Amino acid sequence: MSIRETVNNVHSHWMDAKGPESEVIVSSRVRVARNLSSMPFSHLLSDSDAREIIHSVMLATDHCDFREQVGNLELTEMSELTPVERQILVEKHLISPDLLENYIKKAVVLREDEVISIMVNEEDHLRLQCLLPGLQLKEAWDLINKLDDGLEKTLEFAYHENLGYLTACPTNVGTGLRASVMLHLPGLVLINRIRDVLGLVSKLGLAVRGLYGEGTEASGNLFQISNQVTLGQTEEDIINSLISVAGQIAASERAAREALIRERREHIEDRVGRAYGLLSHARIMTSEEAVRLLSDLRLGVSLKMIDFIPANLVTELMVMIRPAFLVKKAGKDISSFARDVMRAGLIREKLTGVRD
Amino acid sequence: MSCERCQERPAVVHLTEIINNKKRTIHLCEQCAREVQAENFGLIPQMNLHNFLAGLFSNQIASPFSTPVEQGEKCPSCGLSEGQFAQSGLLGCGDCYRQFGERLDTVFRRIHGTSRHTGKVPERTGGKVKLSKDIERLKTRLREVIGREEFEEAAKLRDQIRIMEKQLAGEGD
């Protein structure tokens, strides 16, 4: 898949709704921060330094040994994309919002299947990211580890004998590793246990965030849980403790869903049915409403109350209804009302498409 | 003025935030302003994180409430001053970690509970790190033996250092 296809198609491998625990755990992400030892960190880079870094990353990923090990990667400078296309990459979770600011100095490297991406000149010179569906943190770390080894053959990373990998922000120093899982927890929200569970998670030194990362609110009952500490633990320790916490949360979510089915079956069926009804018939829909209803629909699909909608379609719809995708589809900048109309139409079309 | 976010359309919305008594104005075009509002992209929380870190660090230097940008030591490699770090929460380059080492240690312990990496060692750079540490150690010994006028031993050490320095340079190619 080329960058053109990436910005034109919603689908990405992480939306496949495959992999362990995928009825609760939507996706797993591992990213590591790396900096070139010869350059100041990103926020102090001159334009020519920034270009040089982009160039060396291009050379490193172009190397034939690297291609053999990691696969075909394509580098795109952010300035080659339109603002809408850049925003689409954020909406697909392939890059962070940080890459949109000061974009002249920044670039993204994507593997064909969009599982691996490298952000160039984000807060750190390189942010290597791997995104997989379901609970696959170990698999994601293995891929990142291989990618890192491959890059290190040609690039020299800033590394300190006691502190490990050096990063612009001291919160990332050491392993530079941030692992996260995106969880869909409507059951725990409905039985009012979400606060307890998330409270426990933060006591374990993990951070809880909304769908679009740092500082965003949890919408659609989607929560992102990630490690806070990057120094003093091995990468495997960090990954394993997150796997264990994510597994336990998934188990409590499943228990919550079972309890709801046992004691309030009609209420849940009603909720799912209403969501499906509105999604497949409404003519005007804001993004907040759509996200809320899609969450109910996803719950219904995973409880097998609705069997004709594939789970990956619900995840794709979550991304498809974001503003940048709608503007891209419209082919021009449209008002927020026009977006609401278009959003409703798109959801209707997709949902009736699978029924027929 | 063009929009700070997309840097293409003209800025028509001027958002002013006041966080910790610091005022910041963001200039956005209409579309980005809507998106920022709608999606609630963590502009504000990100600043909070850095401010928070800066707070951890600025406790250590003389005046926690006013940290002039030019205050304190400067990193010889990138020119970043302690004051700048205290304001932004971001270090300037790898050498800053050595320059501000001791004070940063406290920051690391507060954030991570430790100040020692136990994870991955990069194969190539890791080897070089070890080699350059060994060279440093030998150089210290060389100065000691010269001080004691043990020239035979000094010559041995000098040759050993030369070989290792060649190795270090060779690996860098």
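Given the structure is predicted, the values throughout are model-derived calculations rather than measurements. In the text below, chain A, chain B and the rest are named by the order of the sequence lines, each starting its count at 1.
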| said: Tell me if a side-chain donor or acceptor on A:Q233 pairs with a main-chain N or O of B:T118 at a distance below 3.5 Å. | reply: no
| said: How close do B:R116 and A:L231 get, counting heavy atoms only, and between which atoms? | reply: C-CD1, 3.9 Å
| How many angstroms lie between atom CG of A:L44 and atom SG of B:C96, to the nearest 0.5 angstrom? | 7.5 Å
| For A:T167, does its backbone N or O pair with a side-chain atom of B:Y97 as donor and acceptor, under 3.5 Å? | yes
| task | Check the pair B:K120 / A:D149 against salt bridge (Lys or Arg N to Asp or Glu O under 4.0 Å), numbers first and verdict last. | result | CA-CA 11 Å; B:K120 184 171 177 176; A:D149 287 341; 2.9 Å; yes
| remark: Closest non-hydrogen atoms of B:V121 and A:Y165, given as atom of the first, atom of the second and distance, are C-OH, 4.2 Å
| So, the side chain of B:H112 versus the backbone of A:T230: is there a donor-acceptor pair under 3.5 Å, distance only? | yes
| Is there side-chain contact between B:F85 and A:P170, with heavy atoms separated by less than 4.5 Å? | yes
| Quick one: are B:C78 and A:F41 in side-chain contact, heavy atoms under 4.5 Å? | no
| message | Does any backbone or side-chain atom of A:D237 lie under 4.5 Å from a heavy atom of chain B? Answer side chain, backbone, both or neither. | response | neither
| query | Under 3.5 Å, is there a donor-acceptor pair between the side chain of A:H160 and the main chain of B:D95? | reply | no
| task | Please flag which part of A:N35 lies under 4.5 Å from any non-hydrogen atom of chain B: side chain, backbone, both or neither. | result | neither
| Atom pair SG (B:C29) and CG (A:D333), whose distance is rounded to the nearest 0.5 Å | 8.5 Å
| said: Please classify the contact between A:L155 and chain B as side chain, backbone, both or neither, with a heavy-atom cut-off of under 4.5 Å. | reply: backbone
| query | Checking A:L163 against chain B: side chain, backbone, both or neither under 4.5 Å from a heavy atom? | reply | both
| request: Report the option among A:V173, A:T82, A:I238 that has the most heavy-atom pairs separated by less than 4.5 Å from atoms of chain B. | output: A:V173
| message | Please classify the contact of A:S96 with chain B as side chain, backbone, both or neither, using a heavy-atom distance under 4.5 Å. | response | neither
| Top of A:G205, A:G174, A:S42 for chain B proximity - count of heavy-atom pairs under 4.5 angstrom | A:G174
| note | Cut-off 4.5 Å, heavy atoms of chain B, and the answer for A:T175 is both
| Would you say A:Y159 and B:P122 make side-chain contact, with heavy atoms under 4.5 Å? | yes
| said: So which atom in A:M39 and which in B:C93 form the shortest heavy-atom distance, rounded to 0.1 Å? | reply: O-CB, 4.4 Å
| said: Tell me whether B:R141 at atom CZ has more than 12 heavy atoms from other residues, nucleotides or ligands lying less than 6.0 Å away. | reply: no
| Option that, when pairs with chain B are counted at under 4.5 Å, heavy atom only, ranks first among A:D148, A:L177, A:V229, A:L45 | A:V229
